Amino acid sequence: ATDITINDSVIVTGARTLTSGGGLNQGISITGVINGTAPATDSLTLIAGIANVTLDSSVGTTTSLKALTITSSGVTTLNNSIITTGGNINLSGATNVQLASDVSLRSTDQSVILNVINGAFDLTVGAGVDITVGAAIGGTTPLHDISMTAGGGDVNVSGAITSTGAVNLTSGRAAGQDINLAAEVH
C-alpha cells in the first residue's frame, strides 16, 4: 500500500491492521470517528513507518475498541478522546505524537503506554492498570494541564514531563501501586 486516507467514520470488526507504504508521503489519515462493533471485541493497529498518522476525531467513544496500537516515526496527530476496554492503548511505537486539541486517553481496565508527546493542549490519561511514560512529554512544545490516573497500578515516568499548567499523577491506592519518577516533572 502507499498512503491510506479514509474521509469517513470507521467501524472496526475483529483485530485489524492498517499498514501504509511507510515512505514520507505514505501515511494514514482517518477523518471520522472510529468505533468497534461491540465493546472490548475489536482492535486496531496502525503502522506507518516514517510517515504520519492522523486521527482527526475520537476513537471508541460510542463503542470502545479492545485495543489501539500506533507505530510511526513520523508525526502522529491525535484529537479528542480515545477509549479502549480489555486492552492497551499502546503509543510506544509512535515517536512523535502531536496533540491537535485537548486529548483524553482511557484504557478502562488495562494500560496506557506513551512515547514523545507535544502540543499546547490538555492531556488526560486514565488506565485500569499502569501508565508508562517512556519518553519526554512537552519537551518541544509544553502541554497545558496534564492528568494521569492509574486506577489499579503504577504511574511510571521515564521521560521528563513539561507543562505550562498543573500536572497531577495518581497511582492505584493499594500497596505496591506507586508513582515511579525516573525523570523530572515540571
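Just so we're clear, the structure is a prediction, and the values are computed from it rather than from any experiment. Residue indices begin at 1 and follow the sequence shown.
Across every non-hydrogen atom of Leu91 and Ile70, the tightest pair is CD2-CD1, 3.8 Å. When every heavy atom of Ser107 is checked against every heavy atom of Gly87, the shortest pair comes out as OG-O, 2.8 Å. Ser20 approaches Ala48 most closely through the heavy-atom pair OG-CA, 3.3 Å. Contact record, Ile161 with Met148: CD1-CE, 4.3 Å, taken as the closest heavy-atom pair. Between Ala182 and Ser158, the closest heavy-atom pair is CB-CA, 4.3 Å. Among all heavy-atom pairs drawn from Thr164 and Pro142, the shortest one is CG2-CB, 3.8 Å.
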Chi angles and distances behind the side chain to side chain contact (heavy atoms under 4.5 Å, CB included) call for Leu24, Ile50: CA-CA 6 Å; Leu24 277 177; Ile50 63 171; 4.0 Å; yes

Worked verdict on Asn96 versus Thr76 for side chain to side chain contact (heavy atoms under 4.5 Å, CB included): CA-CA 6 Å; Asn96 185 9; Thr76 297; over 6 Å; no

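Distance check, rounded to the nearest 0.5 Å: CG of Leu105 to CD1 of Ile113 gives 12.0 Å. The CZ atom of Phe121 lies 8.0 Å from the CG atom of Asn79; values are rounded to the nearest 0.5 Å. In this structure, CG on Asp154 lies 5.0 Å from CG on Asp130, to the nearest 0.5 angstrom. Atom NE2 of residue His186 and atom OG1 of residue Thr162 lie 4.0 Å apart, to the nearest 0.5 angstrom. His144 NE2 to Ser163 OG: the interatomic distance, rounded to the nearest 0.5 Å, is 7.0 Å.
With hydrogens and angles ignored, the 3.5 Å screen pairs a side-chain donor or acceptor of Asn88 with a backbone N or O of Ser111. Here the side chain of Asp102 pairs a donor or acceptor atom with the backbone of Asp122 at under 3.5 angstrom. Side-chain N or O atoms of Gln177 include one that pairs as donor or acceptor with a backbone N or O of Gly152 at under 3.5 Å. Of the possible polar contacts, none joining the Thr149 side chain to the Gly151 backbone as a donor-acceptor pair under 3.5 Å is found. Distance alone, capped at 3.5 Å, is enough to place a donor-acceptor pair between the Asp42 side chain and the Gly14 backbone. In this structure, Asn156 contributes its side chain and Asn180 its backbone to no donor-acceptor pair below 3.5 Å. Remark: the backbone N or O of Thr141 is paired with a side-chain donor or acceptor of Asn118 at under 3.5 angstrom. Using modelled atom types, no side-chain atom of Asn168 and backbone atom of Ser147 make a donor-acceptor pair closer than 3.5 Å.
At a threshold of 4.5 Å between side-chain heavy atoms, the hydrophobic network of Ile, Leu, Val, Met, Phe, Trp and Tyr places Val129 and Leu114 in two separate groups. Both Ile179 and Val185 belong to a common hydrophobic cluster when Ile, Leu, Val, Met, Phe, Trp and Tyr are linked at side-chain heavy-atom distances under 4.5 angstrom. Both Ile4 and Leu46 are assigned to one and the same hydrophobic cluster, defined by single-linkage of ILVMFWY side chains at heavy-atom distances under 4.5 Å. Under the 4.5 Å side-chain contact rule for hydrophobic residues, Val157 and Leu123 share a cluster. Grouping the Ile, Leu, Val, Met, Phe, Trp and Tyr side chains by contacts below 4.5 angstrom, directly or via other members, places Val33 apart from Val103.
Side-chain contact between Ile34 and Val12 is present, with at least one heavy-atom pair separated by less than 4.5 Å. Ile6 places none of its side-chain heavy atoms less than 4.5 Å from the side chain of Ile28. The side-chain heavy atoms of Leu99 and Ile117, taken from C-beta on, include a pair separated by under 4.5 Å. At least one side-chain heavy atom of Thr37 sits under 4.5 Å from a side-chain heavy atom of Ile11. Pro39 places none of its side-chain heavy atoms less than 4.5 Å from the side chain of Thr41. Taking the side chain as every heavy atom from C-beta outward, Thr45 and Leu18 never approach each other to under 4.5 Å. Residues Val10 and Ile30 meet the side-chain proximity criterion, which asks for heavy atoms closer than 4.5 Å.
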May I have the list of side-chain donor-acceptor pairs in residues 52-68 shorter than 3.5 Å, sequence neighbours left out?
| unit_1 | atom_1 | unit_2 | atom_2 | d |
| --- | --- | --- | --- | --- |
| Asn52 | OD1 | Val75 | N | 2.8 |
| Ser64 | OG | Thr85 | OG1 | 2.9 |

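With 3.5 Å as the limit, one finds a donor-acceptor pair spanning the side chains of Asn90 and Ser92. A donor-acceptor contact closer than 3.5 angstrom is absent between the side chains of Ser171 and Asp178.
In this structure, Val116 stands alone, with no Ile, Leu, Val, Met, Phe, Trp or Tyr side-chain heavy atom under 4.5 Å from its own, directly or through other members.
The one candidate from Ile146, Val155, Val133, Ile131 that meets the side-chain contact (heavy atoms from CB on, under 4.5 Å) condition with Val125 is Ile131.
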